[in-house]
Structures are given as structure tokens and as C-alpha cells.
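Have a look at the structure below, then the notes.
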There are 2 protein chains.
Amino acid sequence: MSRSNPRVLSTLERAGGFASAQEVYQLMQREGQSIGLTTVYRSLQSLVNDKIVDVLRRDDGEAIYRLCGETHHHHLVCKSCGETVEIEGGAIEKWALNVGKEHGFREVGHTAEIFGLCSKC
Amino acid sequence: MSRSNPRVLSTLERAGGFASAQEVYQLMQREGQSIGLTTVYRSLQSLVNDKIVDVLRRDDGEAIYRLCGETHHHHLVCKSCGETVEIEGGAIEKWALNVGKEHGFREVGHTAEIFGLCSKC
DNA sequence: TATGGAAATGAAAATCATTTTCATTTGTGG
DNA sequence: CCACAAATGAAAATGATTTTCATTTCCATA
């Protein structure tokens, strides 16, 4: 096995919320860091095994990663102009956690997005 | 555009719970039905567009389909085995609506999924 | 019944994320 | 300095899904 390349974790942190392996790779490229795509994949897998990052799937099936335990927020997005507002998700957090527990689930996480038309559109 | 081939829907119904496109295809093959994989994919997509079937992702990223009820619900999905529980989303509905209104958004909708490890995994 | 165009079909090629292979480089203890 | 294990990454392999495109099936109408 191989251990995680620390620059991968650092880049994922810097990326903010979720990022796919491809995105992490591209970000590192743009920053001039020399790394192979293979190493990015291996490092992310390793981080998932060590429970340092969470992995989810986008609608298109691409795997997206984020730091575990990182307090996350949600987005309110305008369908028309794309304006985005960051939302505190306290209520959702509790809801998700409760629903998960009610059904005997552990390591409960969630995704949520709100969309609509902003006042200008 | 193309419409859904009715034999695909019929096969998905017969399959019981979730089935991937590949599985639906193989099932039809075994039953002696002549159909192309392409048509299976197109039909499933079409059924998803028409909100006749739901689509989710397995851990390995493969898309799985199943008939969905008419009511708007959310899913609690096991990251490991894919077991899915349908959740009543009353709390989320209100939350999304309120947050949207607070920020002057109209036509507010939302997406939400909860995931974790079920009691068996 | 013939006919022309639209929709459906599916084989094969293309795409794209991800994994595997394997040869090379790097690091480390002796 | 040496030997050996771990790390690296380019390129090939994999596998689901999508696209292309030529052909077939439908169907309404002349």
C-alpha cells in the first residue's frame, strides 16, 4: 500500500467543500505542482480508508471528496443567474442525524441544495 | 428524442427493487427478448426524465434505477450495501422554503439525500 | 396501396472516470 | 555506498455510459 501524499490533502483542504479527484489534480497542475493523476487517486483512496475524508457521488457518478468533520454549509442557488448564497445548515444537520439514527444508521452525512429564482431574476 | 420502450419498464418492474441498466439488459437477454443496450439506456433516461423511475448510485458509481412513488420524498441510503429508506421530508420542505424566502427567492425547490452505514453493514 | 418523413433501434466507436501494470525514482537503514 | 522497500507516474486496461450514424419501423396522407 501507499500512504497519502500530503500535498493532496493540503489541496483538498484549500479547495473548500467537495472536490473530485480530477479537480484536485487540475488545481495542483494550475498551481504548478508536479504530481501524477494516479497519485492523486491513490492518496484520496488512502485518506478515505483512514477516515480523514468522506466520499460521495455526484449525479453524474463522479466521486467527490471532502474532509470529514469539516463543518459544511449549503447553497441557495439562483436557477437563472447562478447567484449563490451560503446557508447555515443547523436545522438540516439535526434532521439528517435524527433520521439516520431512527433507522439505525451510523456515520450519517447528507447533501442538500436549495434552488430558485433570486429577486433580480 | 425517443420515448421509453415499454418492455424496459416492464422488466424493471419485474426486477423488484433496484436494477442497473446492465442488469435490466442482461435480464431481457436471458428472457430471450431482443433489445439493444443503447435502447435500455435511452429508455431508462427517458423514464427518469418523466419521473417514472428514480435513479441512485451504487458505491462503485454504477447507476441503479427503480420505480418511484408519486410523492416527493428523500432517501436515506447505505453507503455500503445500497439499502434505501424513503424519508418523509416535511421538515426539509419548510426549511428550504423559509431559507429561500428569507433571501427573496421565488419558485424554491431543493434536493437532499442522507447517507450512512446501515445497521447490517 | 404507395410514399415520404419522423421516430426508434442497435452495432460500433467514442468518452471519461477510475484502476492496474510496470518500470523508474526516491528514501532509508545497515 | 548498497540493497531493498515504498512511492511515483506514464501508459494501457477497464467498464459504464453516451454518441454516431446507418438502417428499420411507423404512420399519416395522397
Side-chain angles (χ1 to χ4, degrees), chain A residues 1-12 15 17-67 111, chain B residues 1-13 15 17-68 77-82 84 113 115:
Chain A
M1 274 306 106
S2 71
R3 223 168 297 129
S4 162
N5 181 314
R7 287 180 293 136
V8 169
L9 177 53
S10 152
T11 303
L12 184 57
F18 284 105
S20 70
Q22 306 278 345
E23 286 163 357
V24 168
Y25 175 68
Q26 281 166 32
L27 187 50
M28 295 179 79
Q29 295 275 296
R30 278 191 226 106
E31 289 174 347
Q33 297 192 54
S34 169
I35 196 166
L37 183 55
T38 312
T39 300
V40 172
Y41 273 105
R42 269 195 291 241
S43 293
L44 288 173
Q45 275 172 349
S46 167
L47 290 167
V48 169
N49 284 341
D50 297 346
K51 312 221 190 247
I52 294 168
V53 313
D54 255 351
V55 59
L56 281 185
R57 295 271 170 184
R58 280 206 191 115
D59 267 4
D60 66 357
E62 193 173 358
I64 50 180
Y65 305 83
R66 75 161 173 200
L67 293 183
T111 61
Chain B
M1 275 307 105
S2 70
R3 222 166 300 130
S4 163
N5 181 316
R7 287 181 294 138
V8 170
L9 177 54
S10 153
T11 304
L12 184 58
E13 280 173 349
F18 283 105
S20 70
Q22 306 278 346
E23 286 162 357
V24 168
Y25 174 67
Q26 281 165 35
L27 188 50
M28 295 180 78
Q29 296 275 295
R30 277 190 229 107
E31 289 174 348
Q33 297 194 53
S34 169
I35 196 166
L37 183 56
T38 313
T39 300
V40 172
Y41 273 106
R42 272 195 288 242
S43 293
L44 289 172
Q45 277 172 348
S46 168
L47 290 168
V48 169
N49 284 341
D50 297 347
K51 312 221 192 251
I52 294 167
V53 314
D54 256 351
V55 60
L56 283 182
R57 295 272 170 182
R58 282 208 191 110
D59 257 10
D60 66 357
E62 193 173 358
I64 49 181
Y65 307 82
R66 76 158 169 199
L67 294 182
C68 66
V77 186
C78 176
K79 284 188 284 193
S80 175
C81 69
T84 302
E113 294 287 338
F115 50 86

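So you know, we letter chains A, B, ... as the sequences are listed, proteins then strands, and number each from 1.
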Legend entry - side-chain contact (heavy atoms from CB on, under 4.5 Å) between A/R42 and A/N5, worked out: CA-CA 9 Å; A/R42 269 195 291 241; A/N5 181 314; over 6 Å; no
Legend entry - side-chain contact (heavy atoms from CB on, under 4.5 Å) assessment of A/Y25 paired with A/T11: CA-CA 9 Å; A/Y25 175 68; A/T11 303; over 6 Å; no
Inset, instruction - Figure out the CZ/C1' separation between B/R57 and D/dT17, and round it to whole Å. - result: 9 Å
Inset, instruction - Grab the CG-C1' distance between B/L44 and D/dT18 for me, whole Å please. - result: 14 Å
Inset, instruction - Identify, with sequence neighbours excluded, every residue that meets side-chain hydrogen bond (donor to acceptor under 3.5 Å, both in side chains) alongside A/T38. - result: none
Inset, instruction - Select base, sugar-phosphate, or nothing to describe what B/D60 touches, counting heavy atoms under 4.0 Å on all strands. - result: nothing
Inset, instruction - Establish, with yes or no, whether the OP1 or OP2 oxygen of C/dA8 is under 4.0 angstrom from a side-chain nitrogen or oxygen of B/N5. - result: no
Inset, instruction - Calculate the interatomic distance between A/D59 atom CG and D/dT17 atom C1'; express it in whole Å. - result: 15 Å
Inset, instruction - Only counting residues at least two apart or in another chain, list the ones meeting side-chain hydrogen bond (donor to acceptor under 3.5 Å, both in side chains) with A/E62. - result: A/S20, A/R58
Inset, instruction - Please report, rounded to the nearest Å, how far the P atom of D/dG15 is from the OH atom of B/Y25. - result: 16 Å
Inset, instruction - May I ask you to say what B/E62 touches in the nucleic acid, namely base, sugar-phosphate or nothing, with a heavy-atom cut-off under 4.0 Å? - result: sugar-phosphate
Legend entry - Side-chain N,O (B/Y41) to OP1/OP2 (D/dT18) below 4.0 Å: no
Legend entry - B/R66: salt bridge (Lys or Arg N to Asp or Glu O under 4.0 Å) partners, not counting sequence neighbours: B/E86
Inset, instruction - Could you check how far CZ of B/R58 sits from C1' of D/dG15, rounded to whole Å? - result: 13 Å
Inset, instruction - Report the distance from atom CZ of A/R3 to atom P of C/dT26, rounded to the nearest whole Å. - result: 18 Å
Inset, instruction - For B/Q33, enumerate each residue passing the side-chain hydrogen bond (donor to acceptor under 3.5 Å, both in side chains) test, keeping only those at least two apart in sequence or located in another chain. - result: B/R7, B/E31
Legend entry - Separation of atom CD in A/Q22 from atom C1' in C/dT19, rounded to whole Å: 12 Å
Legend entry - Spacing of B/I35 atom CD1 relative to C/dA11 atom C1', expressed in whole Å: 14 Å
Legend entry - Nucleic acid footprint by protein, nucleotides 19-28 of chain D - heavy-atom cut-off 4.0 Å, B for base, S for sugar-phosphate alone: B---------
Legend entry - Residues in side chain to side chain contact (heavy atoms under 4.5 Å, CB included) contact with B/A63, at least two apart in sequence or another chain: B/V55, B/R57, B/Y65
